[in-house]
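Numbers here simply count residues along the sequence, with the first being 1. Values below: every heavy atom of this structure, side chains too, minus hydrogens, waters and symmetry copies.
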Amino acid sequence: MSENELKAGTEPPLMQREEAYFSLERLIVTGELAPGTWVSETDLMKASGHSRASVRSAVQRLQDQGLIHTVPRRGAQICPIDITLQFRAQELRREVEGLLARCAAARATDEQRAQFLDISRKFEGHAESRDAIAMMDLDIEHHSLLGIAADNSFAMKAMQSVKGVSRRFWLLHYKKHGDIRAMATAHARVAGAIADANPEDAERAVEHLVDYVEKFTLKVVGFEGGK
């Protein structure tokens, strides 16, 4: 995009904005942009390889999701880890992700159910390979398909507000406190229940997943009940 177009207020194409967002989210979630780090707009442009306009669009979304905090005339800070925020995210996930899974199990097309079955099998594979980054990428694919199959844009927007902070917390702490096999198996169970068109099992699978995530979070903070 030319400088004149930017001055005229023309937005970059949706694909470029999406690519900038996913690029920056990945850098934050994986810890390459560490919690608490201060960054400039130029830093984010260099890190993502995207234009100023695309980065600004991405930063707005990341701010809405609690991953970046912007301060006028100072720049932006990668949000520090907030334990209370993690538990609040889990409260939302328990209700909203359960709703999405139940709706997806009831509304998914045959083609989508086949995709969920494939995703479930891939999660089972990650339970053996224990590849955390590959599992994160698969979770993104699963989350996207979940939103489409559930056909509830309101619930999906709510879920999008917490998935980034949840993924980051897991990736930054799983080596010391997590169990990739348990996490992958729990995700496989959710996708499998949706593939089987079983709303009740899908909701129960989400309950089981969030139960595990809560125990994991308690371990991170050193609470004996989480051990």
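Across all their heavy atoms, L209 and A186 have their closest contact at CD1-CB, 3.7 Å. Annotation for A188 and F123: closest pair CB-CB, 3.6 Å, computed over non-hydrogen atoms. Of all the heavy atoms in A105 and N198, the pair that sits closest is CB-C, 3.8 Å. The shortest non-hydrogen separation linking Q86 to S166 is OE1-CA, 4.2 Å. Scanning both residues, A149 and R107, for their nearest heavy atoms gives O-CB, 3.5 Å. Of all the heavy atoms in E41 and R56, the pair that sits closest is OE2-NE, 2.6 Å.
A donor-acceptor contact shorter than 3.5 Å links the side chain of S161 to the backbone of A158. Proximity of a side-chain donor or acceptor of T37 to a complementary backbone N or O of A34 within less than 3.5 Å is detected. The backbone N or O of R204 sits nowhere less than 3.5 Å from a side-chain atom of H208 that would complete a donor-acceptor pair.
Between the CE atom of M156 and the NE2 atom of H143 there is a distance of 3.5 Å, given to the nearest 0.5 Å. The line from CD of E124 to CZ of R181 is 11.0 Å long, rounded to the nearest 0.5 Å. The CE atom of M45 sits 11.0 Å away from atom NE2 of H50, with the distance rounded to the nearest 0.5 Å. Remark: E207 CD to E97 CD distance equals 10.5 Å, nearest 0.5 Å. With values rounded to the nearest 0.5 angstrom, S144 atom OG is found 11.0 Å from D139 atom CG. Taking CG from L24 and CG from L33, the interatomic distance works out to 7.0 Å, rounded to the nearest 0.5 Å.
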* Are S129 and H126 close enough, and set up right, to give a side-chain contact (heavy atoms from CB on, under 4.5 Å), and what steps lead you there? -> CA-CA 5 Å; S129 69; H126 291 318; 3.5 Å; yes
* To do: Mind running side-chain contact (heavy atoms from CB on, under 4.5 Å) on T30 and M136 for me, showing each step along the way?
  => CA-CA 9 Å; T30 59; M136 179 194 73; 4.3 Å; yes
* **Evaluation steps, side-chain contact (heavy atoms from CB on, under 4.5 Å), between W170 and V220** => CA-CA 10 Å; W170 165 259; V220 173; over 6 Å; no
* Kindly indicate, with the supporting measurements, whether the criterion side-chain contact (heavy atoms from CB on, under 4.5 Å) is fulfilled by R168 and C79. => CA-CA 11 Å; R168 180 175 70 160; C79 290; 4.2 Å; yes
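Of the candidates R167, R61, K163, R167 is the only one forming a side-chain contact (heavy atoms from CB on, under 4.5 Å) with E25. Test L146, D201, V206, I119 against V190 for side-chain contact (heavy atoms from CB on, under 4.5 Å) and you get one pass: V206.
Taking the charged nitrogens against the carboxylate oxygens, E200 and R102 have no contact shorter than 4.0 Å, which rules out a salt bridge. Ion pairing of R113 with D196 is absent here, as no side-chain N (NZ or NE/NH1/NH2) approaches a carboxylate O to less than 4.0 Å. Checked for salt-bridge contact, E91 and R88 meet the test: a charged N lies under 4.0 Å from a carboxylate O. By the 4.0 Å N-to-carboxylate-O rule, D211 lies too far from K215 to be salt-bridged with it.
Transitive grouping of hydrophobic side chains (ILVMFWY, heavy atoms separated by less than 4.5 Å) brings V221 and Y212 into a common cluster. When hydrophobic clusters are built by joining Ile, Leu, Val, Met, Phe, Trp and Tyr residues whose side-chain heavy atoms come closer than 4.5 Å, directly or via intermediates, F87 is grouped together with M159. Put simply, V213 and L172 are part of the same group of oily side chains (I, L, V, M, F, W, Y) that touch within less than 4.5 Å, one to the next. In the hydrophobic clustering of ILVMFWY residues, with side-chain heavy atoms under 4.5 Å counting as a link, I194 and L117 come out apart. Follow the hydrophobic side-chain contacts under 4.5 Å out from V55 and you reach L27 in the same cluster.
When side chains are defined from C-beta on, H142 counts as touching F116, because their heavy atoms get closer than 4.5 Å. Counting only heavy atoms from C-beta outward, the side chains of E141 and L145 never approach each other to under 4.5 Å. At least one side-chain heavy atom of I133 sits less than 4.5 Å from a side-chain heavy atom of R26. At a threshold of 4.5 Å between non-hydrogen side-chain atoms, the residues I68 and I78 count as touching.
In the model, T217 has a side-chain atom that pairs as donor or acceptor with a side-chain atom of Q90 under 3.5 Å.
Contacts of H173 classified as ring-ring contact (aromatic ring centres under 6.0 Å, His included), with partners at least two apart in sequence or in another chain: F169. Listed by chain and residue number, nothing satisfies the salt bridge (Lys or Arg N to Asp or Glu O under 4.0 Å) test with R189 (two or more places apart in sequence, or in another chain).
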